[in-house]
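The structure under discussion appears below in the form of structure tokens.
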Amino acid sequence: MKLSFWFLDINTEKEDNRPEVQIWGITEDGKRVLLLDRGFVGSFFAIPRNLSPDEAARKISAIKGVEKTEITRRKHLGKEVDVIRVYVKDPDEIDEVAKRVSKMEFVEGCYGHDIRYSMQYMFEKGISPSGWFEVEVEEEKNRNARVDGIFRIIGDFKRVDKNYLPGLRIMAFHCVLIGEKGSPDPERDPVIAISVLGDDVRTFTGEEKEILSSFVNYISSFDPDIIFSYGANKRDWDYLVRRAKANGIYLDVGRVKSEPHTSVYGHVSVTGRANIDLMDFAEDLYEVKLKTLENVAEYLGLGRPDDIEEHELREMKEKGDIDSIAEFSRRRVYLIREIGDKFIEYAVQLSQIVGLPLDHVASAAVGFRVEWFIIREALGRGELIPQRKEVSAETYVGGMVLSPRPGIHSNVAVLDFASMYPNIMVLNNISPDTYIPPDEEVPQEECNIAPEVGHRFRKEPPGLYKEILRKLLSARKEIKEALAKVEENSAEHKLLAAREKAIKVIANATYGYCGWIGARWYMKPVAEATAAWGRYTIGKAMEIARKMGLEIIYGDTDSIFVKYDTGKVNKLLEEIKRELSLDIKLERIFKRIIFTEAKKRYAGLLEDGTIDVVGLEFVRGDWPKVARDAQKKVIEIVLTEENVENGIRRAKEYVSDLISKMKAGEIPLKHYIIWKEITKSAEEYKARAPHVEVARIMREKGWRVQPGDKVGYVVVKGSGKLYQRSLPYFMVSVEDVDIEYYIENQVIPAVMRVLSPLGVKELGVATGGLADFF
DNA sequence: GCTAAGGAGCTACCG
DNA sequence: ACCGGTAGCTCCTTAGCG
């Protein structure tokens, strides 16, 4: 029979010592199905040297674990080569076999053995997750799984052209874990509550064993396709599994009997379901500095629940106030679900484009998302997949940044090259497979030669990157055109917007990818040449602007800021396009804009009245709220006040008023917290610094502080270095705060940053410091 | 012995 | 576990002073 399904997830298992691919799908009429394939044999490729392919294949066939070999042709960085395809029956042995083959003196190298079995399967069969497929199957009667049907795959897959999702069953969950002291410890602290939200909401409290088994039961009866959480990959899943074990329960939440288990990219897999930790997507929200569930929900316009601190939860628990705890958890499980709704469309599109299952693509870092996309494209071109190599990092020169003209300017136009790096790569055919090593002689007219660095790339044939990027860029263009014709807020619009964003992310990361030493296609000259052409491009654009008599105020990598003169700017855009064959756009116009002496920092007022702050303290997460807010207010005043002197006067008044409030203790403690990330383990720090010292104090008090965590601290009164008088914020009350420090070292620098370019030398306000005394 | 200058270390930003 | 360019803080060492 033919089965048509939407591809949710894939994994491989061993059944009776034989590898089995398991594909989890959903049919048009809402049946959950499991498709099995035991017939697939994994393989890799070996390039022979100094020996005929026949002979090499014969010798390789004799190696233990090799099922069979075949001679075929592939491309190796664009060059056609004879290769031996080596099939290995047991997926667990493929690495070993490849290692043995690599060591044979007639083998130049092995390729593709480090591609996971399930990925090999998808590539070979021409399928990818999060899309619709049709395949010939037979019913499998002797197997058990929690689905509506189990089938053996007996035919080839056919892509079905459907552009919508099946009816997915989606649930969210939220756990309340409370540490007796410090961070909750699965060895000691029981699970207090779990909230689930599927087609109804439940909060399980009481006996831990009951909580956990209710959770398992809920999942098995609701049977979700997607499970949303916030932070569960790092914390909850492992905690729950361990607490379940302590209670003699098996946390059986998959579609076959299984516990959640750690898989690639720090991801936790739940067999047959897509486990999506929304914290992974929150990482992309760079505007949210502290990625708490509450902050992310607020940012996404979902409202903000009451902030409840750890110690408040602990007090609720001690008082036996289970109702408050349940309410806390229930509010959050709703938010998790709503955040999930905001991301699901994007996640599906990303999964389709990258070709990784929904749950994997969510947790994969940008570099791997790009890489899997490239792998799929490369295989389509008959390319071998390079192995990751251990290479040492070599730096190269990047983008060009202009020193700004400090001060306040009016009517400034920002001109941006559209997707500059990707377009430069396409234009010059920059790619690992078109790169010409220095020792190779190629006629100059057949090469594109990078400025400054001199790297050469073949003009023909089109390289891997060129084709990939051309596809992405044109797909994006088409989507943008379609978007303009579709009604906003419609389902179609959402889908297109999500797809457009997913494509943009991949295209823009390709340049960074090729200069990443962990990349399979790492090649420094590729990155270096792209950056060099970028500098050339922006330099040329500025030259043209100058010749036209336009005043250049600033520029960074792919943008130039010029005094806005409509006629000249339009002409400039045309001229640049003509001369450089790259698209440049008038991106925005600032009515007024302030630059300091520093690069990458400015604040401007746009025509629609919004204010854009770039690089300054206001957008930095490691400055306390009191200083950030003050700077924002001062920016608002001086940008919107027509008369600069009036603006300065009002700003000074505002700051003076704020300082009085600070001294009077009217500013809440929260506004004094400085958040900084702990980026490495304690031993690795060479310097004594406030946040490092605070992390140490927290650890002593039973908190788990790991690399990647942010610690919040406050500088308190006392003597000595800052690191000697910084404390975790929860150990401080507002009377302890060193207000002087915050005035002199936080608020004043932040506001002066904006005011000094306007000629303000000092605030002339009573700061309470030594200056006042004299 | 004190201080200003400058460098090292660090984090978070821009495009 | 995408890149390089950049600012600006805190801590710490050292050159310069006399």
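This structure is a prediction, so every number in the text was calculated from the model and none was measured. Sequence lines set the chain letters: A, B, ... in the order given, protein chains first and strands last, and positions in each chain run from 1.
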Under a 4.0 Å N-O cut-off, is there an ion pair linking E636(A) with K632(A)?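 Yes, E636(A) and K632(A) are salt-bridged.
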Check this for me, if you would: do R588(A) and D612(A) make a salt bridge, where the nitrogen-to-carboxylate-oxygen distance has to be below 4.0 angstrom?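 Counted as a salt bridge, because a side-chain N and a carboxylate O are separated by less than 4.0 Å.
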Listed nucleotide nearest any side-chain atom of Y511(A), set dT10(C), dC9(C), dC3(C):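 Nearest listed nucleotide: dC3(C).
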For [X], answer base if it contacts any base atom (sugar-phosphate contacts may also be present), sugar-phosphate if it contacts only those atoms, and nothing otherwise; contact means non-hydrogen atoms under 4.0 Å.
| X | value |
| --- | --- |
| R620(A) | base |
| Y421(A) | nothing |
| G621(A) | sugar-phosphate |
| A689(A) | nothing |
| Y602(A) | sugar-phosphate |
| A509(A) | base |
| T679(A) | sugar-phosphate |
| K524(A) | nothing |
| V370(A) | nothing |
| Y286(A) | nothing |
| Y741(A) | sugar-phosphate |
| G512(A) | base |
| V692(A) | nothing |

What about the rings of F561(A) and Y602(A), do their centers lie closer together than 6.0 Å?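 Yes - the distance between ring centres of F561(A) and Y602(A) falls below the 6.0 Å cut-off.
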Indicate, with yes or no, if the rings of Y554(A) and F595(A) have centres closer together than 6.0 Å.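 Ring-ring flag for Y554(A)/F595(A): true, centres closer than 6.0 Å.
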Roughly how many Å is it from [atom1] in [X] to [atom2] in [N], rounded to a whole number?
| X | N | atom1 | atom2 | value |
| --- | --- | --- | --- | --- |
| N745(A) | dC11(C) | CG | P | 10 Å |
| Y742(A) | dC9(C) | OH | C1' | 14 Å |
| M425(A) | dC3(C) | CE | C1' | 11 Å |
| L722(A) | dG8(C) | CG | P | 18 Å |
| N508(A) | dC2(C) | CG | C1' | 11 Å |
| E528(A) | dG5(C) | CD | C1' | 15 Å |
| I674(A) | dG8(C) | CD1 | C1' | 14 Å |
| M420(A) | dG5(C) | CE | P | 13 Å |

First contact, last contact: which nucleotides of DNA chain B are these for chain A, 5' to 3', heavy-atom distance under 4.0 Å?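 Nucleotide range with atoms under 4.0 Å of chain A: dG9(B) to dG15(B).
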Determine the interplanar angle of the [X] and [Y] rings, folded into 0 to 90°, and report it as parallel if under 30°, tilted if 30 to 60°, perpendicular if over 60°.
| X | Y | answer |
| --- | --- | --- |
| W703(A) | F730(A) | tilted |
| F368(A) | W516(A) | perpendicular |
| Y511(A) | Y421(A) | tilted |

[N], OP1 or OP2 - any side-chain N/O from [X] closer than 4.0 Å?
| X | N | value |
| --- | --- | --- |
| K600(A) | dA7(C) | no |
| R753(A) | dA7(C) | no |
| R601(A) | dG8(C) | yes |

Identify, between W516(A) and L402(A), the residue whose nearest nucleotide on DNA chain C lies closer to the 5' end.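 Final value for this comparison: W516(A).
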Pairs satisfying salt bridge (Lys or Arg N to Asp or Glu O under 4.0 Å), at least one member in residues 397-406 of chain A, at least two apart: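 Qualifying pairs: R405(A)-E551(A).
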According to the salt bridge (Lys or Arg N to Asp or Glu O under 4.0 Å) rule, which pairs have a member within residues 516-529 of chain A, sequence neighbours left out?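 Matches after skipping sequence neighbours: D114(A)-R520(A), E371(A)-R520(A), E394(A)-K524(A).
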